[in-house]
Amino acid sequence: MAKKNNSTQERKVNVSTKVSSSKTTSKVNNGVFVYTGAISVNELAKSLNIMPSEIIKYFFMKGKILNINSLLDDEMIGTICLEHGFDFQRKEVVEAENFENLQIRDKEEDLQPRPPVVTIMGHVDHGKTTLIDAIRNSNLVDYEVGGISQSIGAYQTEINNKKITFIDTPGHEAFTAMRSRGASVTDIVILVVAADDGVMPQTIEAIDHAKAANVPIIVAINKIDKPGADPSKVKNELLAHDIVLEEYGGDVIAVEISAKQRKNIDKLLETVILVAEMSQLKANPNRYAMGVVLEAELDKQEGPKATLLIQNGTLKTSDYLVAGTCYGKVRRMTNEYRKVLNAALPSTPVAVIGLSEVPQAGDRFMAFESEKEAREIALRRKQIKELKEKRMTSAATLEDLFNMKKEGEIQNINIILKADSTGSAEACKASLEKINVPNVKINVIRATSGAITESDVLLASASKAIIYGFNVRPDAKTRAKALEEKVEIRLQRIIYALIEEIEAAAKGLLKPELEEKIIGQAEIRQLFKVSKLGTIAGCMVVDGLIKANDPIRLIRDGIIIYEGKIASLRRGKDQAREVARGFECGILIDGFNDIKELDIIEQYEMVEVKK
């Protein structure tokens with residue numbers, strides 16, 4: 001891929017692995033099916049010269065519901081090949097949709113020095129954001145709810161004609177994942193430790209993240225102006241966590257500062273520049289940009305908005321990019337001062353608008369030559385992600401059901417979380433899932449960024465969930481829908497208040513008196529229309545048994561489309577009280593005729609459990 005810059009230089013991609021942005025290729029050669037990645041049911045059927053229905057039927061009998069567009073993984077492809085007498089071989093090719101795996105090889109003469117990316121970490125209220133304020137002469141801390149950071153902020157400043165990019169990560173323990181993400185993109189970590197408080201749990205966690213990222217650490221011992229400040233105590237406590245300072249014969253530099261009084265800030269920044277020079281940080285600005293999404297949100301005026309950190313290459317206005325499973329054209333790009341930029345070089349954090357939807361914080365991004373290419377790659381990435389999620393969700397659900405069966409008295413609390421950013425949603429979800437109340441399980445069924453919508457209300461109504469809004473509010477139409485559906489919407493601005501409220505509610509719950517038990521499932525194989533009765537389903541009982549009197553639900557593509565009861569159950573011409581697995585039967589659903597072949601009729605009963 002190559003496209004002329006506004007300058008005379010070209011931007012290009014040089015990789016050590018074969019790259020293709022086209023669809024997965026596959027063919028049969030001497031009885032061996034050769035393919036390059038996940039392919040759809042329809043593609044596999046065409047390659048093997050079989051009907052797609054054969055593949056769909058095979059996996060349905062194994063308990064998996066597919067359609068002709070469903071993607072198949074290596075195990076599924078191999079199984080079908082062997083079933084039809086073919087051998088199989090996967091050819092390793094890094095597709096463009098897997099650009100995270102591309103190994104960039106730049107010529108030494110193409111590399112240029114880049115600013116260091118510095119992440120500031122530490123325990124809550126140890127002065128991380130105040131330090132950023134001191135460096136930038138700003139007042140970020142005044143805008144924080146509850147006095148704590150609740151998203152990642154990225155800022156670039158210039159010291160002695162040399163730029164440094166800073167990432168301010170939240171210090172509250174709920175934001176573990178966000179701090180971890182910060183460490184994964186950084187070159188240097190500044191570990192802020194309050195001189196009057198010492199090493200705390202999140203200080204230790206920050207140390208672990210820095211070590212895992214294998215990046216140099218600079219310790220900033222803050223609040224030396226406060227009564228009770230004891231820098232020596234901090235230095236000794238750090239020794240217990242293998243942080244050996246230079247004065248103790250180690251290689252970690254410590255600087256004693258007061259962020260509030262702006263004391264020794266210049267000395268700290270000089271230390272950052274020194275460590276950066278020793279690391280010899282370089283990148284190639286003359287290529288399409290690659291990097292990571294630091295934060296993303298749905299802006300009311302501007303739509304999907306993402307904070308990107310460019311790690312290699314140059315991002316320009318009008319470039320087409322893919323971020324996670326989203327794509328779009330960079331319509332506007334701004335820095336942290338909201339100044340519009342036409343180009344962003346390596347190590348530059350920018351906010352961009354123009355994406356098709358809100359990406360996930362932590363997603364990788366890459367720029368491409370055309371909108372068509374970006375759109376196709378994003379679609380492919382989305383399909384692959386959905387395939388992985390289905391497999392992961394299935395496994396987790398089976399494990400949860402097993403545990404529930406074993407314990408027998410677990411009460412679920414279903415929650416839908418909507419937050420002002422993906423990072424906040426992720427952090428809230430992680431915190432809620434850590435709540436430990438006997439006989440109660442917190443189940444976060446949706447955690448996304450954006451306003452609370454009617455879609456969320458309908459999901460909550462169907463799943464009997466409570467909606468929690470974190471720094472977001474529903475509009476009047478959504479409130480009216482919630483009232484109509486009897487869905488409770490609760491709003492919070494502070495994460496620990498949200499956690500405490502849900503934990504208190506969980507402790508007051510009663511154990512369930514009734515429990516649902518699946519009796520059997522029948523697959524609709526044929527339809528018979530009878531003028532006086534309606535549509536009769538010709539079925540095969542594929543699991544358990546079907547009884548004449550118990551309630552049923554109709555399932556299509558994994559979605560329940562109707563719940564009711566059986567009007568008539570027959571074996572041949574005779575009425576039947578029940579039909580067991582492996583036998584055919586005719587089923588007439590009471591008051592419902594919108595049935596199709598391959599729909600599933602599932603029967604269940606409610607059984608009493610001890611209170």
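None of these values were measured; they are calculated from a predicted model. Atoms considered below: every heavy atom in the structure, side chains included; atoms not considered: hydrogens, waters and symmetry mates.
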Of all heavy-atom pairs linking V330 and K316, the shortest is CB-O, 3.9 Å
Sorted by chain and number, sequence neighbours left out, ring pair (Phe, Tyr, Trp, His ring centres under 6.0 Å) with Y562 holds for F592
To the nearest 0.5 Å, what is the distance between CG (L527) and OG1 (T535)?
6.5 Å
Interatomic spacing from OG in S53 to CG in L66 - rounded to 0.5 Å:
12.5 Å
To check you understand the geometry: which heavy-atom pair defines the closest contact between F365 and L309, and what is its length?
CE2-O, 3.5 Å
Student check: side-chain heavy atoms of I561 and I555 closer than 4.5 Å
no
What pair of heavy atoms forms the shortest contact from A306 to P359, and how long is it?
CB-CG, 4.0 Å
Taking every heavy atom of A367 against every heavy atom of Y288, the minimum-distance pair comes out as O-CB, 3.5 Å
For residues Y327 and A374, report the shortest heavy-atom separation together with the two atoms involved.
CB-O, 3.7 Å
Here the side chain to side chain donor-acceptor pair (under 3.5 Å) pairs for residues 590-601, sequence neighbours left out, are R556-D599
Kindly compute the distance separating CD1 (I589) from OG (S568), expressed to the nearest 0.5 Å.
11.5 Å
Going by salt bridge (Lys or Arg N to Asp or Glu O under 4.0 Å), name the pairs with one or both residues in residues 29-41, residues two or more places apart or in two chains.
none
Could you go through the ring pair (Phe, Tyr, Trp, His ring centres under 6.0 Å) check for F86 and F88 one step at a time?
CA-CA 6 Å; F86 294 94; F88 59 96; over 10 Å; no
Between E43 (side chain only) and S40 (backbone N and O only), is there a donor and an acceptor less than 3.5 Å apart?
yes
Does a side-chain heavy-atom distance below 4.5 Å link Q603 with I566?
yes
Donor-acceptor pair, E371 side chain versus G328 backbone, under 3.5 Å?
no
Test side-chain contact (heavy atoms from CB on, under 4.5 Å) applied to K372 - qualifying residues, sequence neighbours left out:
S370, R375, E376
Residues in side-chain hydrogen bond (donor to acceptor under 3.5 Å, both in side chains) contact with D87, at least two apart in sequence or another chain
none
With a cut-off of under 6.0 Å to the ring centre and 45° to the axis, is R571 in cation-pi contact with F583?
no
After noting the C-alpha distance and the side-chain angles of E297 and T422, does the key distance pass the side chain to side chain donor-acceptor pair (under 3.5 Å) rule?
CA-CA 6 Å; E297 63 181 342; T422 52; over 6 Å; no
Would you sort out whether R381 and V322 count as a side chain to side chain contact (heavy atoms under 4.5 Å, CB included), showing the intermediate values?
CA-CA 9 Å; R381 286 169 67 87; V322 176; 3.8 Å; yes
May I ask you to check whether F60 and Y58 place their ring centers less than 6.0 Å from one another?
no
Are I416 and T448 close enough that some pair of their side-chain heavy atoms sits under 4.5 Å apart?
no
Give a yes or no answer on whether the side chain of R364 reaches the backbone of G324 with a donor-acceptor pair at less than 3.5 Å.
no
Please examine the side chains of M366 and L321, heavy atoms only from C-beta on, and report whether any two atoms are closer than 4.5 Å.
no
Once rounded to the nearest 0.5 Å, what's the spacing between atom CD1 of I595 and atom CD1 of I601?
6.5 Å
Applying side-chain hydrogen bond (donor to acceptor under 3.5 Å, both in side chains), can you list everything that pairs with Q521, at least two apart in sequence or on another chain?
E602
Using a 4.5 Å cut-off on heavy atoms from C-beta on, say whether the side chain of R287 contacts that of N312.
yes
Quick one: pull up CG in L48 and CD1 in I50 and give me the separation to the nearest 0.5 Å.
5.0 Å
Close side-chain approach of F33 to R90, heavy-atom, < 4.5 Å:
no
Salt bridge (Lys or Arg N to Asp or Glu O under 4.0 Å) partners of residues 538-551, not counting sequence neighbours, each pair once
none
Of all residues at least two apart in sequence or in a different chain, which pass the salt bridge (charged side-chain N to carboxylate O under 4.0 Å, His left out) check with D299?
none
I'd like to know whether CZ of R525 has more than 12 heavy-atom contacts from other residues, nucleotides or ligands below 6.0 angstrom.
yes
Any V444 side-chain heavy atom under 4.5 Å of N414 side chain:
no
I536: which residues meet the side-chain contact (heavy atoms from CB on, under 4.5 Å) condition with it, sequence neighbours left out?
F528, V530, L533, L588
Set out, in order, the CA-CA distance, both residues' side-chain angles and the distance that settles side chain to side chain donor-acceptor pair (under 3.5 Å) for Y35 and D74, then state yes or no.
CA-CA 10 Å; Y35 65 101; D74 291 338; 3.0 Å; yes
I need the minimum non-hydrogen distance between I68 and P52, along with the two atoms involved.
CG2-CB, 3.9 Å
Taken to the nearest 0.5 Å, the spacing of T325 OG1 from L355 CG works out to 10.5 Å
Around atom CG of N549, are there more than 12 heavy atoms of other residues, nucleotides or ligands at under 6.0 Å?
no
Sorted by chain and residue number, the salt bridge (charged side-chain N to carboxylate O under 4.0 Å, His left out) partners of E454 (sequence neighbours excluded) come out as K477
Contacts of type side-chain hydrogen bond (donor to acceptor under 3.5 Å, both in side chains), residue R490, not counting sequence neighbours:
E488, E501
Please examine the side chains of T478 and D456, heavy atoms only from C-beta on, and report whether any two atoms are closer than 4.5 Å.
no
Taking the side chain from N443 and the backbone from I445, do they hold a donor-acceptor pair closer than 3.5 Å?
no
Tell me whether E357 is salt-bridged to K382, with the criterion being a basic N under 4.0 Å from an acidic carboxylate O.
yes
What residues, two or more places apart in sequence or in another chain, satisfy side-chain hydrogen bond (donor to acceptor under 3.5 Å, both in side chains) together with Q526?
none
Pairing of K481 and E484 as salt bridge, 4.0 angstrom limit
yes
